[in-house]
Enquirer: 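Okay, here's the structure, questions in a sec.
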2 protein chains.
Amino acid sequence: MITTRDIAERLGVSVSTVGRALADDPRISEETKFRVRQAASDMGYVGNRAARMMRGASSNVVALVIPDIRNSFYSTIAHELSKNMESEGFQLMLSETDDDRTAELRHLRELSANRVAGVIIVPSARPHSESVKLLRALPHVQLLRRHPSLGSQWFGVDDQEALRRATAHLVAQGHTRIAYLGGPEELPTGAERLRGFRSALREGGLPDDAGRAELGPPSSVGHGRETVRRLLSGPDVPTALVLGSIQLTLGVLEELSRQGVKVPQELSVVGFGDEPGFSWWGPGLTTVGLPIQEMATGCALWMIRRLKTEPGNDGPYTAVSPGALILRGSTASPDGGTPSRSA
Amino acid sequence: MITTRDIAERLGVSVSTVGRALADDPRISEETKFRVRQAASDMGYVGNRAARMMRGASSNVVALVIPDIRNSFYSTIAHELSKNMESEGFQLMLSETDDDRTAELRHLRELSANRVAGVIIVPSARPHSESVKLLRALPHVQLLRRHPSLGSQWFGVDDQEALRRATAHLVAQGHTRIAYLGGPEELPTGAERLRGFRSALREGGLPDDAGRAELGPPSSVGHGRETVRRLLSGPDVPTALVLGSIQLTLGVLEELSRQGVKVPQELSVVGFGDEPGFSWWGPGLTTVGLPIQEMATGCALWMIRRLKTEPGNDGPYTAVSPGALILRGSTASPDGGTPSRSA
DNA sequence: CACTCTCGTGCTAACGTTAGCACTACTTGG
DNA sequence: CCAAGTAGTGCTAACGTTAGCACGAGAGTG
């Protein structure tokens with residue numbers, strides 16, 4: 001690798017002069033600058049950021065710690081962040097945890113060792129205390145999920161409101177046996193969504209046993225498939241189904257298609273998030289739209305400002321974006337079975 | 001930030017001793033090691049990789065340079081790479097180029113400055129010469145697309161064979177007006193897929209004007225929508241459509257659903273790649289399965305071996321994986337219109 | 001008892017870059 | 001013609017870590 005020293009020796013000047021010329025220092029003559037730049041370009045010089053970091057410069061790497069990039073939820077976020085970061089000169093490090101707190105810790109250790117400038121994280125259910133310690137030593141924001149020990153910097157959607165709206169739509173159509181399929185309660189998002197589901201039932205004046213919650217791994221398509229299979233073959237088949245994650249929605253749609261379940265006549269369904277296939281699935285899936293892009297952009301801008309301006313002078317910052325219901329054809333009243341709006 | 005020096009001062013030993021204790025050097029007594037580790041843990045010491053790199057240690061960061069992470073094609077790759085890299089102690093840097101060679105160059109400059117250990121890249125159509133220079137100075141592999149100036153390390157699918165099979169299937173069903181919708185010819189994958197399309201027509205004994213190629217941006221859903229709209233409203237409407245990218249497929253399916261085109265009676269369709277929604281779209285989409293996972297894993301393993309073993313002693317290495325056709329219900333013969341296999 | 005060995009540790013330099021200070025050769029003002 | 005300034009450049013130290021060499025104390029050997 002070419003260093004400033006190589007350039008200096010070739011031109012017969014000092015390393016300081018080379019360094020200053022490349023930094024466009026006003027004290028260096030135009031002629032010298034020109035010669036240095038020429039030589040640098042000729043020799044294929046590329047500055048060494050590791051060395052700069054040793055002299056106090058901060059890293060230009062921001063890490064994104066998420067469960068699984070294949071989930072379109074997260075890939076959208078990654079894209080939006082990457083785009084915003086790139087334009088400000090930051091690079092994005094991608095760490096997948098698979099919702100495993102030990103993997104999460106391993107990644108955070110590596111990220112700390114690499115002295116990343118900041119971390120944007122979708123925390124696991126109960127992060128290791130060392131993870132918390134490591135994060136607290138860095139500029140960090142939480143995304144979507146929110147863990148109290150990690151401070152108040154958080155960007156996410158109003159999960160409770162999202163599920164309240166989805167469920168209220170079904171309640172308004174007269175459903176009294178509604179199943180909710182979502183993530184575990186120990187996940188902050190899982191708890192919030194479940195709360196939204198329950199509160200919609202309560203507000204609709206329905207008894208406690210009108211709702212049934214099936215909780216499990218939120219990013220498992222397979223779990224969605226299996227659960228809907230179990231629900232449909234068991235006793236007390238619900239007339240409506242509300243979903244609490246994109247991956248679960250994908251699994252459920254696949255299984256309903258495979259079994260040929262008539263939607264919305266036999267079963268009404270409200271999905272979570274919006275995916276390319278949702279509009280052409282069966283009668284079109286009524287679903288909760290999520291302003292993921294806006295959220296990710298907000299988060300990126302916050303992190304950029306946090307990194308550009310000196311200390312954490314902008315205090316706690318929290319943004320909540322609500323999700324709007326996208327009406328398609330997958331819901332109807334439980335008796336007659338006329339869609340609320342055909343696709 | 002805590003340094004080895006801080007630990008040394010606290011324990012009244014030298015930095016060397018601390019360094020060696022943390023590196024588990026056999027020369028250090030067990031008792032000292034214990035005290036050092038204890039203190040390091042107490043004080044929240046995290047080694048500084050930038051400093052290590054200055055002493056000749058190599059980075060543990062591998063970069064992935066792709067057009068767009070939202071494309072499930074690439075997010076699958078990213079996931080597979082991340083998984084494999086993580087288990088070997090590497091971190092993954094994500095750089096999105098949006099198929100723009102200038103963005104590509106910007107990223108490569110940053111990656112070089114950060115002294116990443118290696119680069120896995122889906123190169124743009126015609127990379128800047130500086131990009132080529134930067135890449136050649138690093139361990140690198142090409143993924144999917146292959147640019148001759150970037151050496152022979154490449155992992156990808158046999159694009160020509162994939163489209164040959166897709167097209168041959170339609171030819172065998174008797175179609176004589178087949179449209180191909182794919183990426184531009186200047187992209188290596190675009191050229192290969194187009195070649196596969198043409199060779200299948202030739203092998204089927206069809207005249208040159210039986211096939212019609214519509215080329216455009218491969219990762220634009222919108223372009224898929226518009227082109228299919230144009231094709232269907234223009235003269236000489238084809239009886240079959242072969243697609244040459246996942247994003248284009250998504251756009252086409254959406255538009256065909258929206259216009260209520262009867263598939264396969266009015267139009268036969270063969271997609272590219274397999275996505276969650278493809279199985280439940282209309283009659284089920286017949287499509288070319290792509291062994292993306294296998295390809296990504298192969299690529300990751302190659303890069304890991306390249307980085308672990310000293311020089312590039314393993315010479316040029318090229319893997320080609322064929323794609324198999326997944327038969328669903330979206331194709332039929334052009335006259336009668338009985339599906340080859342109903343969903 | 002002197003010699004050599006081994007064990008455990010410390011000192012120093014080096015990696016590439018940058019900031020502070022110092023130095024030289026001019027130029028300007030009195 | 002000398003003092004003071006200025007433009008342009010060089011020298012040196014420092015960032016955190018590690019590898020090579022050196023050192024002192026104690027153990028083993030003749």
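Below, chain A is the first sequence line, B the second, and so on; all start at residue 1.
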Enquirer: Can you find a donor-acceptor pair, distance only, under 3.5 Å between A/R27 side chain and D/dA7 base?
Expert: no

Enquirer: If we count only N and O atoms by modelled type, under 3.5 Å, do the side chains of B/N114 and A/Q91 hold a donor and an acceptor together?
Expert: no

Enquirer: Look at all strands and tell whether A/S16 reaches a base, only sugar-phosphate, or nothing, counting heavy atoms closer than 4.0 Å.
Expert: base

Enquirer: Nearest whole angstrom, please: distance from the P of C/dG16 to the CE of A/M54.
Expert: 12 Å

Enquirer: Quick one: does any side-chain atom of A/H128 pair with a main-chain N or O of A/L105 as donor and acceptor, under 3.5 Å?
Expert: no

Enquirer: Under 4.0 Å between a side-chain N/O of B/T3 and OP1 or OP2 of D/dG16, yes or no?
Expert: no

Enquirer: Using a cut-off of less than 4.0 Å, is there contact between a side-chain N or O of A/T4 and OP1 or OP2 of C/dT17?
Expert: yes

Enquirer: Under 4.0 Å, heavy atoms only, any strand: does B/R52 hit a base, just the sugar-phosphate, or nothing?
Expert: sugar-phosphate

Enquirer: Taking for each residue the nucleotide of DNA chain C with the nearest heavy atom, is it B/D25 or B/A51 whose nucleotide lies nearer the 5' end?
Expert: B/D25

Enquirer: Could you tell me the separation between the CZ atom of A/R35 and the C1' atom of D/dT9, rounded to a whole number of Å?
Expert: 12 Å

Enquirer: Output yes when at least one side-chain N/O atom of A/T32 is less than 4.0 Å from OP1 or OP2 of D/dT9, else no.
Expert: yes

Enquirer: Whole-Å distance between D/dT17 P and B/L22 CG?
Expert: 9 Å

Enquirer: Between B/H79 and B/Q293, does any side-chain donor sit less than 3.5 Å from a side-chain acceptor?
Expert: no

Enquirer: Do B/R20 and C/dG10 share a donor-acceptor pair, side chain to base, under 3.5 Å?
Expert: yes

Enquirer: Rounded to whole Å, how long is the line connecting atom CG of B/L11 with atom C1' of C/dG8?
Expert: 15 Å

Enquirer: Would you indicate which nucleotide in D/dA13, C/dC11, D/dT18 comes nearest to any side-chain atom of A/R55?
Expert: D/dA13

Enquirer: Does a side-chain N or O of A/S29 approach OP1 or OP2 of D/dT9 to a distance below 4.0 Å, or not?
Expert: yes

Enquirer: Working to the nearest 0.5 Å, report the span between CD of B/E294 and CD1 of B/I292.
Expert: 9.0 Å

Enquirer: In whole angstrom, give the distance that lies between atom CG of B/N114 and atom P of C/dT17.
Expert: 13 Å

Enquirer: A/R5 CZ to D/dG10 C1': how many Å, rounded?
Expert: 15 Å

Enquirer: Rounded to the nearest angstrom, tell me the gap between atom CZ in B/R49 and atom C1' in D/dT17.
Expert: 13 Å

Enquirer: B/T17 side chain N/O closer than 4.0 Å to the phosphate oxygens (OP1, OP2) of C/dG10?
Expert: yes

Enquirer: Could you check B/V61, B/V62, B/I120 and say which one makes a side chain to side chain contact (heavy atoms under 4.5 Å, CB included) with B/M93?
Expert: B/V61

Enquirer: Round to a whole Å and report the spacing from CD of B/E9 to P of D/dT17.
Expert: 13 Å

